[in-house]
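First comes the structure, then the notes that go with it.
Order of the sequence lines sets the chain letters (A, B, ...), proteins ahead of strands, with each chain counted from 1. Any value given below was found using the heavy atoms of this structure, including those in side chains, with hydrogens, waters and symmetry copies removed.
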2 protein chains.
Amino acid sequence: MARMGIKQIAALAGVSIATVSRTLRNPEIVSEQTRNKVQKAIDESGYKPNKLGASLRTHRSGNVVAIIPDVTDPFNSGIICAIEQQAQKLGYSVLLGDTQNDKERAKQYAEMAEYGQADGIILFSHELPFNLDPNKNVLEQLPPLINASEATEHQELPKVLVDNYSGACQATQHLIDLGHKRIAIITGPLQTNSTQERLRGYKDTLFSAGIAYDEQLVCEGDYHLESGMNETEKLLLLKDRPTAIFCFCDDMAIGASKVLKENGYNIPADVSLVGFNDIRYATYMTPALTTVRQPVAELGRIAMLQLHQLLNKAPADNETVLPVELIVRQSTGPNKTN
Amino acid sequence: MARMGIKQIAALAGVSIATVSRTLRNPEIVSEQTRNKVQKAIDESGYKPNKLGASLRTHRSGNVVAIIPDVTDPFNSGIICAIEQQAQKLGYSVLLGDTQNDKERAKQYAEMAEYGQADGIILFSHELPFNLDPNKNVLEQLPPLINASEATEHQELPKVLVDNYSGACQATQHLIDLGHKRIAIITGPLQTNSTQERLRGYKDTLFSAGIAYDEQLVCEGDYHLESGMNETEKLLLLKDRPTAIFCFCDDMAIGASKVLKENGYNIPADVSLVGFNDIRYATYMTPALTTVRQPVAELGRIAMLQLHQLLNKAPADNETVLPVELIVRQSTGPNKTN
DNA sequence: TATTTTACAGAAAACGTTTTCTAAATTGAA
DNA sequence: TTCAATTTAGAAAACGTTTTCTGTAAAATA
């Protein structure tokens, strides 16, 4: 297949290139007769208009870049999948920006927007991968950007989040309702918005129930499975060990579960376990994991929708908060130690 | 930040645009003095060369599209992650083409190469998303394309695969060594190369051990968790039920495990279970899943490397086969029914 | 010193589109 | 019929680069 350009098609159809372009983008303003001629030439030649040419002219690549810490994490990949779905519906393509938690890579991906490779960014991070001039308006220094799932410190940026506070409240209350008083948590990185909100929910709920906040029971994890294991080991060394552990993500809960079992603890008889995210495998763990379900598909869908708004100069909502839901399974049970 | 083009930089530095371009792409052919002038202008203005302009001119978008059935599957996302890693090293960006098993979408993504949005394709499918003219050479009708993990019927296409045959042999032999004779399998779709190869490995190994092949024991799954459950239920209805089940992916094994447990079967005491892939969660299942590990990172890395070759007109290897490894954990044990 | 080579930098074309501007042809109103 | 309004389509500019082709100045050779 010889490379065909709009010129060749124009020649083939005996019209100008402008007419070919119009037939493709604005069929209604070209007469039926000419339109047919052009269409015939296109069909016969199998012409595929070059997107780069068009993009260059229109200043729109039609790409968005999703900057994400790790596609390998099922929670992330779920959102990515939803973003991608919605992107296709809206006519965008998604560039994958898996940073592996490397700031430098995040920056490189972010720059795609500045090099014209992408029109906008969906960012899953609490860190903004740009060097900002603190004296100037934040928004004006950035390409169109939506924060998803995690937020940066810059309040001006549009974000679509999940009700982390409520999720933590529900989880904590559930444990309290089961009679637990010594409820440990394994958080994510303390700088993240998600962890801060969940921590707040945890504290508030404890307080409402009249349970004293015990710093010994809060461990900082990093949302990775291994940290769930490490922190659980520490918790088990405590004199007065917790009867329940609330992990801020399922992976850490899975890690915790492994350590608990290895040490002969029965879940939930000896210690109850709650996760966060409700990844696909949560139901299939033994015991099935009680967890806070995030509306992953909705999160991705809306993030993409909002970015689309932004790209059309319509302001995006500054903050969208989606509800979460506690899914009670078998990893939580009544506190039997009292 | 006012949009800066190469023209503005040229003016700022008092040189021609050609010189600016050369400073950026071929610094060695411009004198140090001029280079410095230009560099200064670039630094001061924060100029980011527009990639679309360059791509248009060079006929290289610098993008590759990964056409994949489902990012949400940890096996797939593992490969994608590796591809992405390697792509970045080589200076490419990865467009995500999650098809959700929809042929039409696969085709749309494949067309990105024809529209100049992508330079090449990494395809995870046994179906070629193109309409081919059967009279003509296959390769000449396709954009640069590498098959990864799964192969199409077209032998000419370069592919990087895993030694599915050997994997199935190892798994089957392991079960035979444990004394199992009634070894059921839950395959993937029969049209896929991966399943065909594994099936062949299974049959050959049975034959070598002098165990008769029993068609009742082979169930066709679809690599999804649910099908693992469904097929296991069928297997349990058999008069002479299997003492071991070898699932062609971990997700199906996880599904099988659930059904087995629900029906009161003990793993591995009553029935042994083997998976394929060794996803991250395989170790954390109860019992930990014996499975065939695929070199996911290597697979992705090589696929991208091969595509890179192709894009530089160097022929890619027609077939790369990577070794797999049986990881024995707790879901397999001696056959106790004899 | 005269001549050839080499190093460097500018002008301009090219990549493949979209879109503005203009002109011709057609239609409708008067 | 004439004139204005509308429809239609072409010419040409523009998007932001890279690269070829030239030309000039400096360096190397004789």
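- Distance check: A/I121 CD1 to A/I146 CD1 gives 11.0 Å after rounding to the nearest 0.5 Å.
- Side-chain atoms of B/Q306 and B/D317 form a donor-acceptor pair, as typed in the model, at a separation below 3.5 Å.
- The OH atom of B/Y223 lies 4.0 Å from the OG1 atom of B/T192; values are rounded to the nearest 0.5 Å.
- Of the N and O atoms on the side chains of A/D43 and A/Q39, at least one donor lies less than 3.5 Å from an acceptor on the other residue.
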Dump every N/O contact between nucleotides 4-10 of chain D and the protein below 3.5 Å, one line per pair.
| unit_1 | atom_1 | unit_2 | atom_2 | d |
| --- | --- | --- | --- | --- |
| D/dA9 | OP1 | A/S31 | OG | 2.9 |
| D/dA9 | OP1 | A/T34 | OG1 | 2.1 |
| D/dA9 | OP2 | A/S31 | N | 3.0 |
| D/dA9 | OP2 | A/T34 | OG1 | 3.3 |
| D/dG10 | OP2 | A/S16 | N | 2.8 |
| D/dG10 | OP2 | A/S16 | OG | 2.9 |
| D/dG10 | OP2 | A/T19 | OG1 | 2.5 |
| D/dG10 | N7 | A/R22 | NH2 | 2.7 |
| D/dG10 | O6 | A/R22 | NH1 | 3.3 |

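- Note: CG (B/N26) to C1' (D/dT19) measures 10 Å, nearest angstrom.
- Side chains of A/R301 and A/I83 form no contact here, defined as non-hydrogen atoms less than 4.5 Å apart.
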Would you tabulate the nitrogen or oxygen pairs shorter than 3.5 Å linking the protein to nucleotides 14-16 of chain C?
| unit_1 | atom_1 | unit_2 | atom_2 | d |
| --- | --- | --- | --- | --- |
| C/dA14 | N3 | B/R57 | NH1 | 3.3 |
| C/dC15 | O2 | B/R57 | N | 3.4 |
| C/dG16 | N2 | A/G53 | O | 3.1 |

| side chain to side chain contact (heavy atoms under 4.5 Å, CB included) between A/E84 and B/R105, worked out | CA-CA 12 Å; A/E84 218 264 349; B/R105 295 187 69 184; 3.2 Å; yes
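- Checking side-chain atoms of B/E150 against main-chain N and O of B/S194 turns up a donor-acceptor pair under 3.5 Å.
- Under the 4.5 Å side-chain criterion, counting only non-hydrogen atoms from C-beta, A/H154 is in contact with A/L128.
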